[in-house]
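Comments concern the structure below.
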There are 2 protein chains.
Amino acid sequence: MTVIFSKKCEYGLQAVLYLAAKEVGGIVSADEIAKKLNIPKEFVSKILQNLTESGIINSKKGKSGGFSLAKHPANIRLIDVVAAIDGLGIFSTCVLGFPNCSPDHPCPLHEKWGALRTSAYNMLTEQTLDQLKEKTLHKIAHLEA
Amino acid sequence: MTVIFSKKCEYGLQAVLYLAAKEVGGIVSADEIAKKLNIPKEFVSKILQNLTESGIINSKKGKSGGFSLAKHPANIRLIDVVAAIDGLGIFSTCVLGFPNCSPDHPCPLHEKWGALRTSAYNMLTEQTLDQLKEKTLHKIAHLEA
DNA sequence: TCTAAATCAGATTATTTTATCTGGTTAAAG
DNA sequence: CTTTAACCAGATAAAATAATCTGATTTAGA
Ligand code: SF4
Ligand code: SF4
């Protein structure tokens, strides 16, 4: 089985959604994120470091340090997180793995697939963290059920 | 970057499309498929063996042996190939990797994502090999360009 | 019958992805 | 000033995926 996003990207999206579900500007430690989301702590730490480099979140070192969103949740799109971690290759490479893709030589599925892929891209571009806050809170509340 | 289908599945789909682009009932060797599609021969051989076990293609051993579709191309859907290789997990697991998915506790993206996923599933279910024959021929003709 | 060309089965290797470890630096609080 | 709780950076290990290898069996045809 394969998947749309890498584990890194899934965890990154979860973590950023988690941050957005908190108070705006609130600081959360990697440890809390790892515990609440059941993600290996060392792994999520690395991912949070990446997202910090990408300018999506800020980090604060030292005691009572942690991570917070670098912008208002309304200004962080899901596609930004995906681009920072997995990149956008998934939206330009062939579903069937054929080489030499071009408008003249599309793969057999392109017509059908292209439309879906564009929808997915648009969806990730339209959805911002703030729009998902309520649903995230609801999901988080039931994670350890 | 990640991808929808595993390499195995991509190659499997390519190979089956290639078979369907040939004469109905025609036998093609793993060697020819590997050369034409630029896939490692040993790898595609293994995949073809899998598809044979799954009943999607037939194999003929010995000199002038090879592989052929087990059914008429109109009766082989893309989803059948995907199910045989990657399985259908991708259509039921969470895009965001959240656990405990249920109608009561969907992940924040489910509403938007579910629709897309269903579209993808339907597309793969509706598309049969024969419908893609012309496009496959066109793509194959330009692979080594 | 013998050879060549093919599939088949299982083991092995290589590469990528996922996860962990180790030691260091930063900064709040007593 | 010292302790403690956090991030940081780079190396390492484990697991999954992709690819290759080895030897056997099958079968058409010279
Ligand atoms: S045309 Fe085919 S090969 Fe090119 S991107 Fe679209 S799906 Fe992929
Ligand atoms: S609800 Fe969310 S968690 Fe469940 S399947 Fe849909 S996308 Fe995944």
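In what follows, every chain begins at residue 1, and chains take the letters A, B, ... in the order their sequences are listed.
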Taking for each residue the nucleotide of DNA chain D with the nearest heavy atom, is it B:Ser64 or B:Lys8 whose nucleotide lies nearer the 5' end? B:Lys8
Checking all strands, does A:Gly62 fall into the base, sugar-phosphate, or nothing category for heavy-atom contacts under 4.0 angstrom? base
Whole-Å distance, B:Glu42 CD to C:dG10 P, equals 17 Å
Assess whether one donor atom and one acceptor atom, taken from the side chain of A:Lys46 and the base of D:dG10, lie less than 3.5 Å apart. yes
Decide whether A:Phe91 and B:Ile90 are clustered together by the hydrophobic rule: side chain heavy atoms of Ile, Leu, Val, Met, Phe, Trp, Tyr closer than 4.5 Å, transitively. yes
Enclosure of B:Lys8 NZ (heavy-atom neighbours >12, cutoff 6.0 Å): no
Nearest-Å distance for atom pair CZ/P, residues A:Phe43 and D:dC8: 17 Å
Nearest listed nucleotide, side chain of A:Lys60, among C:dA28, C:dA19, D:dC21: C:dA28
Whole angstrom is fine here: how far is it from NZ in B:Lys41 over to P in C:dA5? 11 Å
Any B:Ser29 side-chain nitrogen or oxygen under 4.0 Å from OP1 or OP2 of C:dT7: no
A:Ile39 has an atom CD1; how far is it from atom P of C:dT18, in whole Å? 13 Å
Given atom CD of A:Glu10 and atom P of C:dA19, what is their separation to the nearest angstrom? 10 Å
Of all the nucleotides listed (D:dT20, C:dA29, C:dT7), which has the minimum atom distance to the side chain of B:Phe67? C:dT7
Separation of C:dT18 P from A:Asn50 CG (nearest whole Å): 13 Å
Reference residue B:Leu137; test side chain to side chain contact (heavy atoms under 4.5 Å, CB included); the match among B:Lys139, B:Glu134, B:Lys135: B:Glu134
Length of the line joining B:Lys61:NZ and C:dA6:C1', which is rounded to integer Å: 11 Å
Regarding B:Asp130 and B:Thr128, is there a side-chain donor-to-acceptor distance under 3.5 Å anywhere? yes
What class does the angle between the rings of A:His105 and B:His142 fall in, given that below 30° is parallel, 30 to 60° is tilted and above 60° is perpendicular? parallel
From CG of A:Leu37 across to C1' of C:dA19 the rounded distance in Å is 17 Å
Toward the 5' end of DNA chain C, which comes first, A:Tyr11 or B:Ala30, by nearest nucleotide? B:Ala30
